[in-house]
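The first residue in the sequence is number 1, and the count goes up from there.
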Amino acid sequence: MSEAVHFPVLKNEMLAALSPKAGGVYVDGTFGAGGYSRAILEHVDCTVIGIDRDPSTRKYADALEHEHKGKLVWLNGRFGEIKRLLDTQNIGQVDGIVLDIGVSSMQIDQAERGFSYKHDGPLDMRMGEGSASAAELVNNESEQALADMFYYYGEERLSRRVAKAIVEARTLAPITRTLQLAEIIGNAVPQKIRLDAISRCFQGLRIAANQELDELKAALAASLELLKPLGRLVVVTFHSLEDRIVKQFMASHCKPAAQNNRYLPAHEPEKPPLYRLITRSAVTAGEQELKLNNRSRSAKLRAMEYAPVSFGFPQTGGTHA
C-alpha cells in the first residue's frame with residue numbers, strides 16, 4: 001500500500017508557538033516523516049535535531065538533510081530519552097523542543113505495522129524495538145490487565161466486556177491479526193458503538209505497547225533541564241489523556257511557587273515562576289486545515305517558555321524546576 005500524503009498537523013501554529021530564531025538549535029522529538037523539521041528549517045537558518053524510535057523514518061531524514069546540508073541531525077531513539085540522546089551529540093541545552101504525540105498517518109496506513117483496524121495485518125503496533133507487541137499483550141495479559149488497559153488508555157467504558165471476550169477467544173486460537181481483534185471487540189459491544197469501541201481499544205493497546213504516556217512524562221521532565229533561557233516547549237496531542245498530562249505539567253510550572261508555610265516567615269512573598277505559558281488555552285485547527293486533514297480535528301497544541309530573564313533570574317543551565 002502506498003503511503004498517504006503527509007500533512008504536519010498545526011504546522012503554522014507550531015511555528016508561531018516555537019518562534020525559531022536564526023542560529024538556534026531545535027529538537028523535533030517525534031520526527032516521523034519530518035514535517036515539523038522541514039517547516040522549521042525552511043522558516044529560518046537553524047539546526048534541527050530529529051529524534052524517532054522508528055528506524056524506517058531515517059529515509060525521510062536523509063532526504064531532508066540532503067536539502068539542508070549540515071542543518072539536520074537524525075537520532076534513532078525514544079523521545080523520552082531526549083537528554084541521553086542529546087548528550088551523544090554534546091548538546092546540553094537547546095532553544096526549543098517540539099513534540100507531536102501519537103501514531104503518524106504513515107504508520108497507520110502501513111497495514112504490516114498493525115496499527116489500523118481498517119486494514120488486515122499482523123497485530124504489532126510497535127513504533128520501534130524494545131517493547132512488547134500488541135499481539136503479545138493481547139495473548140498474555142490477564143483479563144483484569146486488559147480491561148484496565150482499554151479503560152485507562154483507551155477510555156473505553158465497556159472495557160471489562162471487551163477483555164472477557166478477548167480472553168475467551170484466545171483460548172480457541174491465538175489472536176495475531178488486526179481484523180481478527182477488531183471483530184472480537186466489535187462483537188463484544190452494542191452495534192451502535194462498535195466502531196468507536198474498536199478505535200478506543202486499539203488506541204489503548206497502542207499506548208500500552210509503546211509506553212507512550214511514560215515517554216511523554218519523561219520528555220516533559222527532561223525539557224526542564226534542556227531549555228535555554230527563552231527556550232520554548234511545544235506539544236501537540238491527539239487525545240484527552242495526553243492533553244491532560246501536558247496541560248497539568250505546564251500549569252504547574254507556570255504558577256508562582258507558594259512560599260508561605262509554617263516553616264517560612266509569614267511575610268515571605270511567592271516565588272515567581274520560571275516559566276510562562278505561550279498558549280493560555282489549547283490551540284486547535286482552523287476550518288481550512290480541517291478540510292485538508294481530517295487527523296487535525298482532535299489535535300491540541302500547548303506551549304510554554306523558560307523565561308527566568310523576565311523575572312530577573314540568572315541565565316544559568318541545569319534543572320530549572
Chemist: Just jot down the side chain to side chain contact (heavy atoms under 4.5 Å, CB included) partners of Asn139, sequence neighbours excluded, or say none.
Modeler: Ala135, Arg170, Pro174, Ile175

Chemist: Is there a donor-acceptor pair closer than 3.5 Å between any side-chain N or O of Ser159 and the backbone N or O of Ala147?
Modeler: yes

Chemist: Could you tell me which residues satisfy side chain to side chain contact (heavy atoms under 4.5 Å, CB included) with Ser142, sequence neighbours excluded, listed by chain and number?
Modeler: Gln144, Ala145

Chemist: Could you tell me which residues satisfy side chain to side chain contact (heavy atoms under 4.5 Å, CB included) with Arg244, sequence neighbours excluded, listed by chain and number?
Modeler: Glu155, Ser240, Leu241, Gln248

Chemist: Between Asp243 (side chain only) and Thr237 (backbone N and O only), is there a donor and an acceptor less than 3.5 Å apart?
Modeler: no

Chemist: Could I get the full list of side-chain hydrogen bond (donor to acceptor under 3.5 Å, both in side chains) partners for Asp45, not counting sequence neighbours?
Modeler: Lys71

Chemist: What do the steps show when you test Arg53 against Thr30 for side-chain contact (heavy atoms from CB on, under 4.5 Å), and what is the final call?
Modeler: CA-CA 8 Å; Arg53 68 194 295 182; Thr30 48; over 6 Å; no

Chemist: A side-chain contact here means heavy atoms from C-beta on lying under 4.5 Å apart; do Phe202 and Leu181 qualify?
Modeler: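 A side-chain contact exists here, since the closest heavy-atom pair is under 4.5 Å.
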
Chemist: Run the ring pair (Phe, Tyr, Trp, His ring centres under 6.0 Å) test against Phe249 and tell me which residues pass, sequence neighbours left out.
Modeler: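 With neighbours one apart ignored, the set is His253.
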
Chemist: With distance as the sole criterion, is a donor-acceptor pair present between the side chains of Ser19 and Lys21 under 3.5 Å?
Modeler: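 Looking only at side-chain atoms, Lys21 and Ser19 do form a donor-acceptor pair, the distance falling under 3.5 Å.
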
Chemist: Restricting to side-chain hydrogen bond (donor to acceptor under 3.5 Å, both in side chains), what partner residues turn up for Glu141, sequence neighbours left out?
Modeler: none

Chemist: Can you list everything that forms a side chain to side chain contact (heavy atoms under 4.5 Å, CB included) with Ala282? Sequence neighbours excluded, please.
Modeler: Lys300, Arg302

Chemist: Lys164: which residues meet the salt bridge (Lys or Arg N to Asp or Glu O under 4.0 Å) condition with it, sequence neighbours left out?
Modeler: none

Chemist: Kindly write out the residues that satisfy salt bridge (Lys or Arg N to Asp or Glu O under 4.0 Å) with Arg194, not counting sequence neighbours, or none if the list is empty.
Modeler: none

Chemist: Any chance NZ of Lys69 has more than 12 other-residue heavy atoms, nucleotides or ligands included, within less than 6.0 Å?
Modeler: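 More than 12 heavy atoms, drawn from other residues, nucleotides or ligands, come within 6.0 Å of this atom.
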
Chemist: How long is the gap from OH on Tyr275 to CG on Leu224, to the nearest 0.5 Å?
Modeler: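 It comes to 4.0 Å.
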
Chemist: Can you name the nearest heavy-atom pair linking Cys46 to Gly24, along with the distance?
Modeler: CB-O, 3.3 Å

Chemist: Mind checking salt bridge (Lys or Arg N to Asp or Glu O under 4.0 Å) for Asp95 and listing every partner two or more places apart, or none if nothing turns up?
Modeler: Lys228

Chemist: Can you name the side-chain hydrogen bond (donor to acceptor under 3.5 Å, both in side chains) partners of His68, sequence neighbours left out?
Modeler: none

Chemist: Do the side chains of Glu81 and Arg78 get close enough for a salt bridge, i.e. N-O under 4.0 angstrom?
Modeler: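 So Glu81 does not pair with Arg78 through a salt bridge.
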
Chemist: Identify the two heavy atoms, one from Gly204 and one from Tyr153, that lie closest to each other, and give their separation to 0.1 Å.
Modeler: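 That would be CA-CB, 3.6 Å.
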
Chemist: If I take atom NZ from residue Lys59 and atom CG from residue Asp62, how far apart are they, to the nearest 0.5 angstrom?
Modeler: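 The distance works out to 11.0 Å.
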
Chemist: Indicate yes or no: does Glu289 engage Lys11 in a salt bridge with an N to O separation below 4.0 Å.
Modeler: no

Chemist: Sequence neighbours left out, what passes side-chain hydrogen bond (donor to acceptor under 3.5 Å, both in side chains) with Thr47? Give chain and number order.
Modeler: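 For Thr47, no residue satisfies side-chain hydrogen bond (donor to acceptor under 3.5 Å, both in side chains) once neighbours in sequence are set aside.
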
Chemist: Determine whether more than 12 heavy atoms belonging to other residues, nucleotides or ligands lie under 6.0 Å from atom CZ of Arg177.
Modeler: yes

Chemist: Does any N or O in the side chain of Gln93 come within less than 3.5 Å of the main-chain N or O of Leu227, such that one atom is a donor and the other an acceptor?
Modeler: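 Yes; judged by distance alone, with no hydrogens or angles, the pair exists.
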
